[in-house]
Amino acid sequence: MATLLYSLGRTAFRHRGGFLIGWLLLIALTIGGLATFGSHLDSEATIPGSQSQKGIDVLEKTQPAATGVTAQLVFVAPEGSTVNDPAFRAVIQKTVREAAKAPQVETAVDPFEAKSVSEDQRTALAQVLYPIKRDALEDSSVTALEKIAGSARSSGLQAEVGGTIYSTAGLAVGIGEVIGLGVAIIVLILTFGSLLAAGLPLLTALIGLAIGLVGLLLVSNIATVSSTAPSLALMVGLAVGIDYALLILSRHRTQLANGMDAEESAARATGTAGSAVVFAGLTVIIALSGLSVVGIPFLSVMGLAAAGTVLMAVAVAITLLPALLGFAGTRLRPKPGSRAERRERATDGGRRPSGGERWARLVTRRPLATVLAVVIALGAVAVPASQLALAMPDNGTAAPESTQRKAYDLISDAFGPGRNGRLLVLVRSADGDPAPAAAEVAAGLGRLDLPEVVSIGAPQVSEDGTTAVLTVVPKAGPRDERTERLVRDIRAETPELAAKADAEILVTGSTAAAIDVSDKLSASLLPFASIVVGLALVLLLLVFRSIVVPVKAAFGFLLSVGAAFGAVVAVFQWGWLAGLIGVPTAGPVFSFMPIILIAVLFGLAMDYEVFLVSRMREDFVHTGRHQESVIAGSRHASRVVTAAALIMFAVFASFVTAEDLTLKPIAFGLAVGIMVDAFLVRMTLVPAVLALVGKGAWWLPRWLDRLLPDLDIEGAKLDRIEPQEDRSLLTAVR
C-alpha cells in the first residue's frame, strides 16, 4: 500500500497540472449537470415490512387524500371573544375559502361545518388537504398558504399554519457553519504557522465536498435521496476532508524541515500518512455504509451519501493534495530558525519536549492508574445514557417562533396534545363491504375502555368501497410514551377484533409510523453495531497486525459513544443547559440519532486510532523499542490529532446552531464524542494501555501472521527506495 501511494504521490507531484485540470473539470461537469437537471430530494420516510407502512400503502391506493400532506389553519379569538362572533366567523370562513383555491390544494374544510371548535369557543381548526406527497409540494405553495393565513390577522385573530406540509430543514448553511469554518482556519494557521499551509487543507476539503454534495444532488434525480442526507454529508465530509489533508501536509512539512527534497517528501508523505488516510477513510466508509443493514431506506441513503463524501475526501487527499504540493514547492518549508521550523525538526539534541510528549510521559508513568481514571470518569458521564428515550421529530420540536410550532402548541392547548398525533385504524373487510366491519371494530375498541383514548371517529369509507378508516385521538402527544403504549395495546387487541369482524385491521398513520421507526431502529442497533465494529476490527487487524490494538480501539470507542449519549440525554432529554445551544423543547431524542452517531463517531474514532497508533507502529518497526515508540508516536502525532479534533469539534459544534432538530442532537453528540475520544481515549487511554501491556501490544499469532497480507502502512518498504529513483505511477504502468 505504501509503495503504491508513494508512486501515486510522486506522479501527482510531477504531473500536477493534469491532476488539477482533471479535478477542476470534474467540478465543472457536476455543477453543469446540477444546473441542467436540478435535484429532487425526498422527505418521505418509509419503513418496509411494518404494519404502519402496509397500511399507508393500502391507503395510497384506496384513499389517496388520507396519505397526502395536510395543513392546519389555527384561528384564535382575542381574550373575551369567540370565533363564533359574526366578524371573526366571517373572516375565518373567507380565509378557508381562499385556502381552498391556493396552489396545489384539493380542499379546505370549514371548521364550523366540521365542528372543529374548542370547548371555550376561542379556537377553530381548519384542515387543508393536498392530494400529493411532501416532496411534490412546492415551497411557493406553503408560502401562499402562510400569506392567506396572515391576511386574517388584520381582524385581530391569531392565525397560524401547521401540519405535515412542514418537514425537517434539510441542507442549510448559516452563520454557525461559517463560524465553525473560521475556527478551523485559525486552528490550521496555529498548527502550521503559515497561511499557505493552512489554506491547502481547506481548499482540498472544499473541492472534494463540492463534488460530493453536487454529485449527491444529481443522484437524487435517478434514486431516492432523503432531504436530510445532504446535511449529514456536508457535516462529515467537511470535517474529514480537512483532517485527511492535514495529516498528509503535516508529514510533508516535517520532512521538508528536516531537509528532504520537496518531490520526495510529497511522495513519502502520501505513502506513509496517505496510507493512514486510506485506512482511516475505509473505517468511516464501512461504518456509514453499515447503516444499510437497518433496512430503513432513508437512513441507508443518509449513510451512503455521507460515505460518498468521505470517499471523495480520501481521493482528493491522495491525488489533488500532492499535486498542489508540487505547485507550492519549497515555499511550504518552514523558514530557518522560525518557531515552525524548530517545532517540525525531528532531531532530539537539545530539543524541548513537546506538549504531546510531556503528556504521553505523564500518562504512561503510572499506566494502570491512568486507565482506571479514564474509565471511571467516562463511565460517570455515560450514566444518563441508560435513560435514553427515542421518538421521531414533529412540529412540536420546531423553533418556538415558527408558525408550525405555534400552531402545534395552540392545538395542544385547545384540543389536547393527542389532536397532533391522531392514529388511523384501517379496516378491510373479507366480504368486500368495510362499513359493517368498521362499525364492529369501532364498537370493539370502545368496549376495551382504553384510558388513553379521547375519541374514536366514525368510519370513513373509501370511494371504491374497499376500505374504511377510523380516526383515534389519544390523550397524549405523538412523542409521548403513553401514545406508544396505546398503539401497542390496540395492536395487541386487533387480532381478536379482526376475527370477530372478519376483516383485516392495520394501525397506521404518521404517529404509528414514527413509533414503528423507533422500534425498528432499537431492534437494529445491536446487529448494526456488531457488523460495523466487526468489520472495522478486521481492518485494524490487517493494518496493525496486532490483537491488542483493535480490541483496545473498540473498548475505547464504547467509552466515547457512552459519554456522547450521556451528554445528549442530559441536554436534549433532561434539558440541562438546553437554552445555551437553542434547544426549544426537552423530550425524547430522535430515533435515528443513536445509530447515526454510532456510525459516524466510530469511523472518526478509528481515524484517530489510525493516525496515532500508525506513528507508534512506524517507530516500533524502525527501532524495535516499544516504550520509546509509544512516546515518539505521541510526540509526532499528538499535534496533528489535536488540530484534527479541534477542527472536527468546530465543524460539528457549528451545526449545533442549526434549527433542524434532527441534525442538532447528532452534531452535539459528535462534538462531545470527538473531544472525549481524541483527548481522553486516544491521547490518554491508548498510550497508557500500550505502555501497560508492553511489547505484547504488537503480538500476533504466527499462523495468523502468515495468513494476513502485509499492507505496510508504516512504510517500511519505502526505506529500500532510492530518493531519486523514478517511481512515478506512470513509469510503473509503462
Side-chain angles (χ1 to χ4, degrees), residues 52 59 65-77 82-84 92 95-96 99 107-130 145 149 157-167 391-398 400 402-426 442 445-446 450-460 469-487 489-490 507-515 585 587-588:
S52 58
L59 286 174
T67 59
V69 290
T70 61
Q72 297 166 323
L73 294 177
V74 187
F75 304 94
V76 182
T82 72
V83 292
N84 282 310
I92 292 172
T95 304
V96 172
T107 184
V109 182
D110 188 307
F112 301 104
E113 294 179 5
K115 295 181 171 50
S116 188
V117 178
S118 63
E119 290 184 6
D120 63 4
Q121 303 295 302
R122 285 193 58 214
T123 305
L125 175 61
Q127 297 287 343
V128 181
L129 306 179
Y130 296 80
L145 189 63
L157 287 167
Q158 181 181 359
E160 305 295 345
V161 182
T164 58
I165 61 171
Y166 295 99
S167 62
M392 289 294 286
D394 55 32
N395 287 342
T397 60
S402 65
T403 186
Q404 63 265 38
R405 173 63 183 277
K406 291 177 182 177
Y408 184 97
D409 292 340
L410 290 172
I411 293 171
S412 295
D413 294 340
F415 300 97
R419 193 64 177 266
N420 284 306
R422 295 180 296 175
L423 307 174
L424 300 181
V425 178
L426 175 68
L445 290 174
L450 297 168
E452 293 300 326
V453 172
V454 173
S455 65
I456 301 174
Q460 301 292 320
V469 173
L470 302 170
T471 300
V472 178
V473 179
K475 285 185 179 179
R479 291 179 293 119
D480 196 290
E481 291 183 5
R482 292 175 294 170
T483 302
E484 293 183 19
R485 288 197 299 269
L486 175 62
V487 170
D489 289 344
I490 294 176
V507 181
T508 185
S510 59
T511 300
I515 293 170
T585 305

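Just so it is clear, the values below take in all heavy atoms, side chains as well, and ignore hydrogens, waters and symmetry mates.
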> With sequence neighbours excluded, what pairs up with Ser510 under the side chain to side chain contact (heavy atoms under 4.5 Å, CB included) test?
Replying inline: none

> With Ala126, which residues qualify under side chain to side chain contact (heavy atoms under 4.5 Å, CB included), at least two apart?
Replying inline: Leu73, Phe75, Val96, Pro111

What distance do [X] atom [atom1] and [Y] atom [atom2] have between them, rounded to the nearest 0.5 Å?
X	Y	atom1	atom2	value
Ile456	Ile490	CD1	CD1	7.0 Å
Asp110	Thr95	CG	OG1	10.5 Å
Leu486	Lys475	CG	NZ	10.5 Å
Asp394	Arg479	CG	CZ	4.5 Å

> Can you list the steps and then say if Phe415 with Val454 is a side chain to side chain contact (heavy atoms under 4.5 Å, CB included)?
Replying inline: CA-CA 10 Å; Phe415 300 97; Val454 173; over 6 Å; no

>> I want to check something: taking the side chain as every heavy atom from C-beta on, are Gln72 and Leu125 in contact at a cut-off of under 4.5 Å?
In response: yes

> Are Leu445 and Val453 close enough that some pair of their side-chain heavy atoms sits under 4.5 Å apart?
Replying inline: no

Applying side chain to side chain donor-acceptor pair (under 3.5 Å), can you list everything that pairs with [X], at least two apart in sequence or on another chain?
X	answer
Arg482	Asp480
Ser52	Ser50, Asp516
Gln121	Asn84
Thr107	none

Minimal non-hydrogen separation, [X] against [Y], with atom names:
X	Y	value
Gly163	Asn395	O-ND2, 2.9 Å
Thr483	Gly477	OG1-O, 2.6 Å
Phe112	Val83	CZ-O, 3.5 Å
Leu145	Ala99	CD1-CB, 3.8 Å
Ala407	Val74	CB-CG2, 3.9 Å
Pro478	Thr511	CB-OG1, 3.9 Å

For residues 416-426, tabulate all N or O donor-acceptor pairs below 3.5 Å that involve a side-chain atom, not counting sequence neighbours.
unit_1	atom_1	unit_2	atom_2	d
Arg419	NH2	Ser116	OG	3.2
Asn420	ND2	Tyr408	O	3.1
Asn420	ND2	Ser412	OG	2.9

>> Walk me through whether Gln158 and Leu410 qualify under side chain to side chain contact (heavy atoms under 4.5 Å, CB included).
In response: CA-CA 10 Å; Gln158 181 181 359; Leu410 290 172; 3.6 Å; yes

>> I need the full list of salt bridge (Lys or Arg N to Asp or Glu O under 4.0 Å) pairs touching residues 406-415, with sequence neighbours left out, sorted by first then second residue.
In response: Arg405-Asp409

> Between Val161 and Tyr166, does a side chain to side chain contact (heavy atoms under 4.5 Å, CB included) hold up when you go through it step by step?
Replying inline: CA-CA 9 Å; Val161 182; Tyr166 295 99; 3.7 Å; yes

